[in-house]
**Student:** 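Let me give you the structure first, and then I'll get to my questions.
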Amino acid sequence: MSAEIICVGTELLLGDILNSNAQFIAQQLAQLGIPHYYQTVVGDNPERIKQVIEIAASRVQILIFTGGLGPTPDDLTCETIADFFGVPLVENAEIIEDITDKFTQRGRVMSPSNRKQALIPQGAEILPNPTGTAPGIIWQPRPGLTIFTFPGVPSEMHRMWSETAVPFLKSQGWGKEIIYSRSLKFWGIGESVLAEKVSAYLNLPNPTVAPYAGNGEVRLRISAKASDSTASADLIAPIEKQLREIGGLDYYGADDDTLASVVCELLRSSGETLSVAESCTGGGLGQMLTDISGSSDYFLGGVISYDNSVKVGLLGVNPEDLDNFGAVSATVAEQMAVGVKARLSTTWGLSITGIAGPSGGNVAKPVGLVYIGLAGSGDEVKSYEYRFGAMRHRSFIRYLSACQALDNLRRSLLKR
């Protein structure tokens, strides 16, 4: 028994609108323990919508449509579904009354085109829309198949789902189990390398383990199906423990953890403080840190030292080293870290200098070359070189640089 999500709208195919509805419904289905293996996006074309219905109805028991319920000629979902199953559309007086009332409340008169929204397949039940004018339907056109339709407006769809669809599904015996997931996060290791390390876990039946990568990090999603979240968590816990041990220092957190939040918690728990000096990231590292609530407890501030005069005047970088090695160098990164640590009197100083592009690189120092400096207790100072690649976008190089700086600090805090 499974469900399929079908999102209707040419604007989705063109990329004009982000398809957040599919993500929401997928998450909700998991909470109800309803498997779903397919998602389809189809344009506002009756024949193609019918082709999608034919395929989906042959392999699942629940079809969930979003989009195509408006009053305009290209809103074709309901009439196409009815036509596919050979059932006439009928005007529903209750819907007409509801739409009329909503227009009256807004001081407007209902447009004749809105009557189209009151046409639903004969035998279908109304799926009420408390806020908008486009109701959905709950319909079982044949035994073993249930169809839900929702408008494309996310706020309307969310409320309709929680207030009507979920209770209906539970009344039909769905939702007796849930699918609960934990996402383990890793930095500093490639997806293929991590997958090889945990290969023995990738074919487990319950819980399941799946790797995926994005934004410079790798994740392992552990999903368990059980009667409730506690039972699911109990299934996940021993697997999570083993995967974290395999990951070692490359593992940094889970679910909503970020590198910044993990570093901040380590600093808070040890009573230590941090300051940063940034060149190519332009304040991005400081923003990551200050996005964490209560960061003023351990993050004292930073210096954005784009110009060399700021590196020399505020951070104490040796001008001869700037001339000899350049601003993008290990020597300058180390001096920036030492300088900001001394200026702000913090336990740790963290620095970034690099070439984010799109111009400014050469053969010796290409776009994507970044140096990170880290000054710790006493006279301890380190530098790290990274080559993030000239083909990457400037904003992504900045993001990777800030994350890598945080990861270097995290590892240093954990190794002591």
Side-chain angles (χ1 to χ4, degrees), residues 3-14 16-17 19 21-22 25 38-103 109-161 164-165 168:
E4 183 158 343
I5 301 168
I6 301 173
C7 300
V8 181
T10 302
E11 68 277 9
L12 295 173
L13 289 175
L14 295 175
D16 294 336
I17 296 177
N19 190 8
N21 286 344
I25 296 171
Y38 304 95
Q39 294 180 10
T40 303
V41 178
V42 60
D44 301 301
N45 179 281
E47 293 309 310
R48 285 192 281 272
I49 295 173
K50 288 178 184 178
Q51 291 172 12
V52 168
I53 296 172
E54 182 174 12
I55 295 170
S58 69
R59 63 190 178 192
V60 301
Q61 294 71 46
I62 301 174
L63 300 184
I64 303 171
F65 288 82
T66 67
L69 302 185
T72 60
D74 63 343
D75 290 310
L76 304 165
T77 298
C78 256
E79 62 186 84
T80 304
I81 294 172
D83 188 39
F84 178 85
F85 289 102
V87 174
L89 291 171
V90 294
E91 187 175 88
N92 186 286
E94 184 180 341
I95 297 175
I96 292 290
E97 183 180 357
D98 179 67
I99 296 174
T100 301
D101 288 344
K102 285 172 179 170
F103 271 89
V109 177
M110 185 183 77
S111 168
S113 62
N114 285 99
R115 296 188 73 93
K116 176 184 178 182
Q117 294 174 301
L119 295 172
I120 63 174
Q122 190 174 53
E125 298 179 28
I126 302 170
L127 204 169
N129 185 340
T131 54
T133 61
I137 63 168
I138 302 175
W139 187 34
Q140 295 176 313
R142 67 187 188 206
L145 180 66
T146 301
I147 293 176
F148 295 85
T149 66
F150 296 90
V153 180
S155 60
E156 296 178 17
M157 186 268 291
H158 291 184
R159 187 169 173 184
M160 294 165 69
W161 175 267
T164 305
F168 176 86

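Since the model is a prediction, treat every value here as computed from it, not as a measurement.
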**Student:** Got Asn114 and Phe103 here, is their nearest side-chain heavy-atom distance under 4.5 Å?
**Tutor:** yes
**Student:** Determine whether Asn92 and Ile126 make a side-chain contact, defined as any pair of heavy atoms from C-beta on separated by less than 4.5 Å.
**Tutor:** yes
**Student:** Would you call Thr133 and Pro71 a side-chain contact if the rule is heavy atoms closer than 4.5 Å?
**Tutor:** no
**Student:** Would you check, one step at a time, whether the test side-chain hydrogen bond (donor to acceptor under 3.5 Å, both in side chains) holds for Asp83 with Thr80?
**Tutor:** CA-CA 5 Å; Asp83 188 39; Thr80 304; over 6 Å; no
**Student:** Fit a plane to each ring of Phe150 and Trp161, take the angle between them on a 0 to 90° scale, and name the class: parallel (under 30°), tilted (30 to 60°) or perpendicular (over 60°).
**Tutor:** tilted
**Student:** Within this structure, what is the CG-CD1 distance for the pair Leu127 and Ile147, rounded to the nearest 0.5 Å?
**Tutor:** 12.5 Å
**Student:** When rounded to the nearest 0.5 angstrom, what distance separates CG in Asp98 from CG in Asn129?
**Tutor:** 8.0 Å
**Student:** Is it the case that atom CD in Glu11 sees more than 12 heavy atoms from other parts of the structure closer than 6.0 Å?
**Tutor:** yes
**Student:** Determine whether Ile53 and Phe85 make a side-chain contact, defined as any pair of heavy atoms from C-beta on separated by less than 4.5 Å.
**Tutor:** yes
**Student:** Where do Met160 and Pro135 come nearest, in terms of heavy atoms and distance?
**Tutor:** CE-C, 4.2 Å
**Student:** CD1 of Ile5 to CZ of Phe148: how many Å apart, nearest 0.5 Å?
**Tutor:** 12.5 Å
**Student:** Looking only at heavy atoms, which two atoms of Ala3 and Ile64 are closest? And how far apart?
**Tutor:** CB-CD1, 4.4 Å
**Student:** Could you state the interatomic distance from CD (Gln61) to CD (Glu4), rounded to the nearest 0.5 Å?
**Tutor:** 11.0 Å
**Student:** Please report the interatomic distance CG(Leu89) to SG(Cys78), rounded to the nearest 0.5 Å.
**Tutor:** 7.0 Å
**Student:** Counting N and O atoms only, with roles assigned by atom type, does the side chain of Thr10 sit under 3.5 Å from a partner on the main chain of Asp44, one being a donor and the other an acceptor?
**Tutor:** yes
**Student:** At their closest point, which heavy atom of Ala57 faces which heavy atom of Leu145, and how far apart are they?
**Tutor:** CB-CD2, 4.0 Å
**Student:** On a heavy-atom basis, which atom in Gly43 and which in Val8 lie closest, and how many Å separate them?
**Tutor:** O-CG1, 4.1 Å
**Student:** Give the minimum heavy-atom separation between Leu69 and Ala134, together with the two atoms involved.
**Tutor:** O-CB, 3.5 Å
**Student:** For a quick test of reading the model, state the closest non-hydrogen atom pair linking Met157 to Asn21 and the distance between them.
**Tutor:** CE-OD1, 3.1 Å
**Student:** Looking at CD of Glu97 and CE of Met110, how far apart are the two atoms once the value is rounded to the nearest 0.5 Å?
**Tutor:** 11.5 Å
